[in-house]
Chemist: 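Shown below is the structure under consideration.
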Amino acid sequence: QVGYTSSPGSGGYYVAASNKDLSGALVIPSELEGHKIEYIGNDSYGTLYNFNDCKYLTSVVIPDTVKYINSSAFKGCTSLKSVSIPSAGVYISPSAFLGCTSLESIYLQPSGLGSAAFSGCTSLKSVTFAPSTGKTGYFMANAFANCTSLESIDVPEGVNGFFREAFKGCTSLKSVTLSTSFGYLEQDVFKNCTSLQTITYKGTSAEWAKIKGVENVSSDITVVCLGD
């Protein structure tokens, strides 16, 4: 049920579903027939070469050989409940898990998230990050928008900033914790986060004041600087 082929222009190999009836738990291999798997899906040819709309998938484990999870790779997998992405510094492309409405938990390395990567994952409650490996990245626009069950997130070293509306409409989000590597906060990141009460920053108040865009944080939100 899982096929692979060369990824044009990359020199690597990608893995994708050979049909949309793929079901249950999926453990993606690190290699197939001697070929190392470095890509999930292939957006060069559109959604045909992805796992999108595999509506019977319930869990996915992605190997640490993977460098990119391509656009819309798992978009619309409405039964998917858990995802493990241990690969160091893997880039998760735009809309990779858009609309995975049953997704409850994800485990990933701190790295870049493309626009709307997990947008509309309305059951998402747990986002757990593996220890940083020194890779850095940003959460792009709408990365976790409308994840209405998410109550808290502890963002580790390696995540350097949030782009516009990254957490828009996360109506259950109560607390956010940021590391000292954090340095950029775009406009409307927490728009319509009606339950957000506290941002905990692991640096000092002087360091917090130097973060670009800190003025975009609403005065209704309490900022606690642990380094003071």
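From a predicted model like this one, the values you see are computed outputs, not experimental measurements.
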Chemist: Among Ile, Leu, Val, Met, Phe, Trp and Tyr joined by side-chain contacts under 4.5 Å, find the other residues sharing a cluster with Val224 and list them by chain and number.
Modeler: Leu226
Chemist: Give a yes or no on whether the ring-centroid distance for Tyr39 and Tyr13 is below 6.0 angstrom.
Modeler: no
Chemist: Taking all heavy atoms of Cys77 and all of Asp53, pick out the closest pair and write down the distance.
Modeler: SG-N, 4.0 Å
Chemist: Should Glu38 and Lys67 count as an ion pair when the cut-off is N to O under 4.0 Å?
Modeler: yes
Chemist: How are the rings of Phe97 and Phe118 set to each other: parallel, tilted or perpendicular (split at 30° and 60°)?
Modeler: parallel
Chemist: Under a plain distance cut-off of 3.5 Å, with no hydrogens placed, do Glu31 and Thr65 share a side-chain donor-acceptor pair?
Modeler: no
Chemist: Is there a side-chain contact between Thr122 and Asn146 (heavy atoms, below 4.5 Å)?
Modeler: no
Chemist: Counting heavy atoms not belonging to Lys55, are there more than 12 under 6.0 Å from its NZ?
Modeler: yes
Chemist: Do Asp188 and Arg164 sit within salt-bridge range, that is, some charged N less than 4.0 Å from a carboxylate O?
Modeler: yes
Chemist: Kindly check if the number of other-residue, nucleotide or ligand heavy atoms within 6.0 Å of CZ (Phe144) is above 12?
Modeler: yes
Chemist: What are the two closest non-hydrogen atoms of Val176 and Leu196, and how far apart are they?
Modeler: CG2-CD1, 4.0 Å
Chemist: What heavy-atom pair brings Tyr91 and Gly114 nearest, and what distance separates the two atoms?
Modeler: OH-CA, 3.3 Å
Chemist: Aromatic rings Phe51 and Phe74: how do their planes relate, parallel, tilted or perpendicular, breaks at 30° and 60°?
Modeler: parallel
Chemist: Describe, in one word, how the ring planes of Tyr138 and Tyr184 are oriented to each other, choosing from parallel (under 30°), tilted (30 to 60°) and perpendicular (over 60°).
Modeler: perpendicular
Chemist: Can a side-chain donor-acceptor contact be found between Ser119 and Asn142 if the only test is distance below 3.5 angstrom?
Modeler: no
Chemist: Sort out for me which residue in Leu178, Asp154, Val155 forms a side chain to side chain contact (heavy atoms under 4.5 Å, CB included) with Lys202.
Modeler: Asp154
